[in-house]
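The structure appears below as structure tokens.
Residue numbers start from 1 in every chain, and the chains themselves are labelled A, B, ... in the order their sequence lines are given, proteins ahead of strands.
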Amino acid sequence: MLDLAFIRNHPDIVKEAARLKNNPIDIDALLDLDQQVLTLQRQVEDARALQNQLSKRMQEAAKNKDNALKTALIAEGKEMAEQIKAMEPLLATLTEERQQMLYLVPNIPDPSAPVGKDENDNVPIAYWGEKPRFDFEPLDHYALMQKLDLVDIERAVKVAGARSYALKGDAARMELALMNFAFDRIARKGFTPLIVPAMARSFAFIGNGQFPKGRDQVYAVEDTDLFLVGTAEVSITGMYKDEILKAEELPLTFVGFCPCFRQEAGTYGKDTRGVFRIHQFNKVEQYVICHADHQESVRWHEQLLKNSVELLQALELPYRVVNVCTGDMGDGKVGQYDVESWIPSEGRYRETHSCSYFHEWQARRANIRYRDEDGKVKFVHTLNNTAIASPRILIPLLEIHQQADGSVRIPEALRPYMGGQEFIKAR
RNA sequence: GGAGAGAUGUCUGAGUGGUCGAAAGUGCCGCUCUCGAAAAGCGGUAGGGUGCAAGCCCUCGUGGGUUCGAAUCCCACUCUCUCCGCCA
């Protein structure tokens, strides 16, 4: 959410941001509504001021035992109360409408973000690792998983419907190993480990930016105000809602884990093979709350990216980093890098990580602030990045490390988390 | 699921329907004292909206109601805590 005062003072900047992000919001309509609110608000406040004055004079009258005056003032007060009561519902409605519209206003992308329409305009900025050359016919991840008995999709679908899966055997062990591996490595950098609720109230989703716009991607728990989170980010943001932190407490750095749930509405027929796009997965997430300082945000953005790619390097997975263009990045983001891992069977890189910084956009929604050294209360900055998300990461992991004999080599860095095991072999 | 208690500022905690945005303590900041620190003393210290500003308005869990006027009375809801039951 942007500062309303900023939108008033810089409507052109906001309109340009919306255009760059393919966001159809009508800023003029918002400002128009805002003016209505302000006008009506002034009227109501004037009336209330008058009412308060009457109230004070009434006390005087009571003290002086001036019953005639008191009676007259009460009559006047009654009148004011009615006037106010008549104006209040409209003011409340308009204010709420303005708020809902405000939620839809996108953040201003950084000038360094490439301008573009969709993911095709994202700009690769770094490559790492050698794409493997196989001297045998490599399998795709699903074929590999079937052959090694690592997954049971049919029976999982029987239980939970399309886009479900059950990891089996060493794939199940590997998934847990990956979570542990990522959790450990990021924690070792000083990030506080956090296992967070996978369900959260609506305010957490509003705070994070998933609501109201992404509501259709989220599962609701019936007859409650609870929803299943699509990322630990939602819960962590919610945890700090309405807090005023001390400047010296910042930055707060977390490595958060929770199962993640996504409806994947509107993706029918897309990525239906294997475990690429599923409704439930596990994710270790990096999350940072820092001072309201652009440079500090940028430094953390780079650091979070570095943390993630170090994990991929340890897993010996070739990847590239793309600078996500304005049209492809989310509403709340100032800047976004995606890390894409090489998928041999598709002959292309695909998103496995997403690294974003938001400035105050989430903090304003969730009302997370801190008291600055000089006593001023400011909104914090927030950032987040995937550390590891699985089973998606199993796709490059299995495909890249498959061997001529049909087995899969476990990268050395992961072996300590799998009891020293070196290969996944057919049973 | 059953029974009870509660929700106030950084925290603890007081609060008779009007002079309460709110006592007191604590924390924090400044000053005095001191070579310096501690202790002690004095002063300051909630957030938000609106306005050039003075100011005005709002906020005592949330929403409604009573009233000229609600932290205070009434209703509903939410949440927290304690005990019992069930349970990983």
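In terms of the salt bridge (Lys or Arg N to Asp or Glu O under 4.0 Å) criterion, A:Lys333 has no residue partners (sequence neighbours excluded). For A:Lys213, the salt bridge (Lys or Arg N to Asp or Glu O under 4.0 Å) partners at least two apart in sequence or on another chain are A:Asp331. Scored by the salt bridge (Lys or Arg N to Asp or Glu O under 4.0 Å) test, A:Arg98 finds A:Asp34 as partners (sequence neighbours excluded). Listed by chain and residue number, nothing satisfies the salt bridge (Lys or Arg N to Asp or Glu O under 4.0 Å) test with A:Glu296 (two or more places apart in sequence, or in another chain). Considering only residues two or more places apart in sequence or on other chains, A:Arg215 meets the side-chain contact (heavy atoms from CB on, under 4.5 Å) condition with A:Phe211, A:Val218, A:Ala220, A:Phe227. Considering only residues two or more places apart in sequence or on other chains, A:Met179 meets the side-chain contact (heavy atoms from CB on, under 4.5 Å) condition with A:Phe257, A:Asn282, A:Val284, A:Ile388, A:Ser390.
Projected onto RNA chain B by closest heavy-atom contact, A:Gln53 and A:Lys70 fall at different nucleotides, the more 5' of which corresponds to A:Lys70. Nucleotides of RNA chain B nearest to A:Asp34 and A:Lys246 differ in position, and the one nearer the 5' end is that of A:Lys246.
Here the separation of B:rG64 from B:rG13, taken at their C1' atoms, is 29 Å to the nearest Å. One P atom belongs to B:rA14, the other to B:rG4, and the distance between them is 23 Å to the nearest Å. Annotation: B:rA46 and B:rG9 have their C1' atoms spaced 5 Å apart (nearest Å). Annotation: B:rA7 and B:rU72 have their P atoms spaced 12 Å apart (nearest Å). Using C1' as the reference atom, B:rC42 and B:rA76 are 49 Å apart when rounded to the nearest Å. Using C1' as the reference atom, B:rU78 and B:rU26 are 30 Å apart when rounded to the nearest Å. Nucleotides B:rC29 and B:rU19 place their C1' atoms 30 Å apart, quoted to the nearest Å. Nucleotides B:rG25 and B:rU50, compared at atom P, are 36 Å apart to the nearest Å.
Looking at residues 202-211 of chain A, you'll see that no heavy atom sits under 4.0 Å from any atom of RNA chain B.
Counting only Watson-Crick and G-U wobble pairs whose two key distances fall under 3.5 Å, RNA chain B forms stems of three or more stacked pairs at B:1-7 with B:78-84, B:27-32 with B:40-45, B:46-50 with B:55-59, B:61-65 with B:73-77.
There is a side-chain donor-acceptor pair under 3.5 Å between A:Thr231 and A:Lys283. In this structure, a donor-acceptor pair under 3.5 Å is absent between the side chains of A:Gln210 and A:Glu233.
A 4.0 Å heavy-atom criterion places the boundary nucleotides of RNA chain B facing chain A at B:rG18 to B:rC79, written 5' to 3'.
At a threshold of 4.0 angstrom between heavy atoms, the contacts of A:Val44 with the nucleic acid are absent. Residue A:Asn52 is in sugar-phosphate contact alone, with no base atom involved, counting any heavy-atom pair closer than 4.0 Å across all strands shown. Nucleic acid contact for A:Gln41: sugar-phosphate only, since backbone atoms but no base atoms lie under 4.0 Å from a heavy atom of the residue. Residue contacts shown for A:Arg201 are limited to sugar-phosphate atoms, with no base heavy atom under 4.0 Å away. Using a 4.0 Å heavy-atom distance criterion, A:Gln51 is classed as a sugar-phosphate-only contact.
Cation-pi check for A:Arg365 over A:Trp361 is met; the charged atom lies under 6.0 angstrom from the ring centroid and within 45 degrees of its normal.
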Counting only pairs under 3.5 Å, give me each side-chain donor-acceptor contact of residues 43-56 of chain A, with atom names and distances, residues two or more places apart or in other chains.
| unit_1 | atom_1 | unit_2 | atom_2 | d |
| --- | --- | --- | --- | --- |
| A:Arg48 | NH1 | A:Glu88 | OE2 | 2.9 |
| A:Asn52 | ND2 | A:Arg48 | O | 3.4 |

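Legend: salt bridge (charged side-chain N to carboxylate O under 4.0 Å, His left out) pairs involving residues 189-198 of chain A, not counting sequence neighbours, sorted by first then second residue: A:Lys189-A:Glu310. Identified under the ring pair (Phe, Tyr, Trp, His ring centres under 6.0 Å) test for residues 291-311 of chain A, with sequence neighbours left out: A:His291-A:Tyr370, A:His294-A:His359, A:His301-A:Tyr337, A:His301-A:Tyr357.
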